Amino acid sequence: MSAKRLFCLAVKPLYLETKSPSFFGELLPIPTMCLCDFKNLINIISNTITLLKEYGLNEASQSTVEATWFFQQTNRYHLNIPTQIHITLSHVYFSGCFPPHQEAYFKTSAIPVSEVLETEAKFKNIDLARLKYPQAKGVINEIMNKDAQYMGLLDLNDNLDDIKNNILKLDEKTTDELTTDLNKYNHSLSSEISKLSQKASVLELEIEAAAKKLLFKIFDLSVGDWIVCDQSVYRDKQIQLQINQVSYYDRLLTLQGPIITKKGEQGKRTETINIQILPNDEHQ
């Protein structure tokens, strides 16, 4: 970035209410705007995005002194505001606090990474032949093993829930109260169902992370990328979209996001591309 480009970002509170005694009054001082020239942050942003993709992270942040905050209360720009730059695969934003406060309570609007880095988004093709690579097989096996565990937990949870509901129905129909042991058993069922639901939620997140790893390691794609694919749920139709969500279900890797129009702009409609994964390595 040769020429200086100064970004002026809007600011809003991190929380609905940020009240605290201060010499400005009851409300904590909130900046009116944040100014930043990203020239000295380009390498940090680029390197961080690489780490996000490599380790399957959603966001990373670190302290920075590159942002300048304007406060209407003082009618001046402040350079000594504790500031964090937050970097995702698709956007960048800042958060901060006014001393002597130590935790951030306001943040800026987010701006696209492509705009900060001045990179023109280009479409990437999905080469399904890469699913036959040995590295792909390892990740696919990881996904399917976790998915089998996940489905097993759901089945077990459903069975326990049926037992619990039958006990409750029995309690409603009988004129006598259920024994203490049966009540304890019902309570134990509820506790076990809750634990299984929590384990299933963890597995669901792990499956999503593994799906993103497959997308990055094999197809060199990640959230925020533009993709084009002829194979979709719609016959004889080319799909162009920006990836903003990656998921896996029933042997399908699903990429979802807003369409990209012929003008190269993000559209309002959301589209989906499905990539079928089979255990015998027959892909379509």
Side-chain angles (χ1 to χ4, degrees), residues 45-60 87-92 112-114 117 119-153 200-260 264 266-267 270-284:
I45 295 173
S46 298
N47 294 337
T48 301
I49 289 175
T50 300
L51 291 176
L52 293 177
K53 292 179 178 179
E54 184 175 352
Y55 292 100
L57 302 175
N58 293 322
E59 181 178 308
I87 303 167
T88 71
L89 291 174
S90 56
H91 289 82
V92 177
V113 168
S114 58
L117 301 181
T119 56
E120 182 180 353
K122 296 181 180 179
F123 285 107
K124 295 183 179 180
N125 288 305
I126 300 176
D127 183 5
L128 298 182
R130 294 186 178 185
L131 289 172
K132 296 184 179 180
Y133 290 178
Q135 187 181 18
K137 295 178 182 179
V139 183
I140 291 173
N141 288 336
E142 177 187 351
I143 293 174
M144 300 196 70
N145 288 336
K146 289 183 180 296
D147 186 60
Q149 297 177 48
Y150 175 71
M151 298 306 295
L153 284 177
S201 297
V202 172
L203 269 174
E204 193 172 16
L205 291 175
E206 291 179 353
I207 292 170
E208 181 182 344
K212 289 180 179 179
K213 180 168 70 173
L214 176 67
L215 194 66
F216 175 63
K217 296 289 186 181
I218 308 307
F219 297 112
D220 192 27
L221 294 171
S222 60
V223 173
D225 284 339
W226 289 13
I227 57 173
V228 56
C229 185
D230 289 323
Q231 298 196 7
S232 67
V233 293
Y234 303 102
R235 297 283 183 180
D236 303 322
K237 181 181 178 182
Q238 187 182 72
I239 304 298
Q240 297 182 168
L241 61 83
Q242 182 181 33
I243 305 172
N244 66 3
Q245 184 176 346
V246 182
S247 59
Y248 172 84
Y249 177 73
D250 194 22
R251 303 178 184 181
L252 286 179
L253 185 67
T254 301
L255 313 179
Q256 189 177 37
I259 64 168
I260 303 300
Q266 189 179 104
T270 298
E271 190 60 274
T272 299
I273 292 176
N274 293 316
I275 302 174
Q276 189 166 12
I277 302 173
L278 299 177
N280 59 1
D281 292 328
E282 295 178 7
H283 304 287
Q284 60 177 349

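No experiment lies behind these values; they were computed from the predicted model shown.
Considering NZ of Lys137 and CG of Leu214, their distance stands at 13.5 Å, rounded to 0.5 Å. Within the model, atoms CG of Leu57 and CG of Leu52 stand 5.5 Å from one another, a figure rounded to the nearest 0.5 Å. Between atom OG1 of residue Thr270 and atom CG of residue Leu241 there is a gap of 9.0 Å, rounded to the nearest 0.5 Å. How far OH of Tyr150 is from CD1 of Ile143: 14.5 Å, rounded to the nearest 0.5 Å. Taking CD1 from Ile259 and CD from Gln242, the interatomic distance works out to 12.0 Å, rounded to the nearest 0.5 Å. In this structure, the separation between CD1 on Ile126 and CD1 on Ile275 is 4.0 Å, given to the nearest 0.5 Å.
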I would like to know whether Asp127 and Asn125 meet side chain to side chain contact (heavy atoms under 4.5 Å, CB included); could you show each step before the answer? CA-CA 6 Å; Asp127 183 5; Asn125 288 305; over 6 Å; no
Check the pair Leu252 / Ile277 against side chain to side chain contact (heavy atoms under 4.5 Å, CB included), numbers first and verdict last. CA-CA 6 Å; Leu252 286 179; Ile277 302 173; over 6 Å; no
Show your reasoning for whether side chain to side chain contact (heavy atoms under 4.5 Å, CB included) applies to Leu221 and Val246. CA-CA 11 Å; Leu221 294 171; Val246 182; over 6 Å; no
Does the pair Gln149 and Leu153 meet the rule for a side chain to side chain contact (heavy atoms under 4.5 Å, CB included), with working shown? CA-CA 6 Å; Gln149 297 177 48; Leu153 284 177; 5.6 Å; no
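Under the side-chain hydrogen bond (donor to acceptor under 3.5 Å, both in side chains) criterion, Glu59 pairs with His86, Tyr93, sequence neighbours left out. For Glu54, there are no salt bridge (charged side-chain N to carboxylate O under 4.0 Å, His left out) partners, not counting sequence neighbours. With sequence neighbours excluded, no residue forms a side chain to side chain contact (heavy atoms under 4.5 Å, CB included) with Ala148. Listed by chain and residue number, nothing satisfies the side-chain hydrogen bond (donor to acceptor under 3.5 Å, both in side chains) test with Glu204 (two or more places apart in sequence, or in another chain). Evaluation of the side chain to side chain contact (heavy atoms under 4.5 Å, CB included) rule for Glu208 yields Leu205, Lys212 as partners, not counting sequence neighbours.
The only member of Ile243, Ile227, Val139, Val223 that meets side chain to side chain contact (heavy atoms under 4.5 Å, CB included) when paired with Leu215 is Ile243.
Residues Glu271 and Ile239 share a closest heavy-atom pair of CG-CG2, 3.2 Å. Scanning all heavy atoms of the two residues, the minimum distance from Ile49 to Ile87 falls at CG1-CG2, 3.9 Å. When every heavy atom of Asn244 is checked against every heavy atom of Pro258, the shortest pair comes out as ND2-CD, 3.5 Å. Pro112 and His91 make their closest contact through N-CD2, 3.6 Å (heavy atoms, listed as atom of the first residue, atom of the second, distance). Heavy atoms only, all atoms of each residue included: Ser222 and Leu89 are closest at CB-CD1, 4.1 Å. Annotation for Ile218 and Gln135: closest pair CD1-C, 3.9 Å, computed over non-hydrogen atoms.
Side-chain atoms of Gln240 come within 3.5 Å of backbone atoms of Ile260 as a donor-acceptor pair (strictly under, hydrogens ignored).
Annotation: Phe123, atom CZ; neighbour count of heavy atoms from other residues, nucleotides and ligands within 6.0 Å is above 12.
Here salt bridge (charged side-chain N to carboxylate O under 4.0 Å, His left out) pairs that include residues 216-228, with residues two or more places apart or in two chains, are Lys124-Asp225.
By the 4.5 Å heavy-atom criterion applied to side chains, Glu206 and Glu142 are not counted as neighbours.
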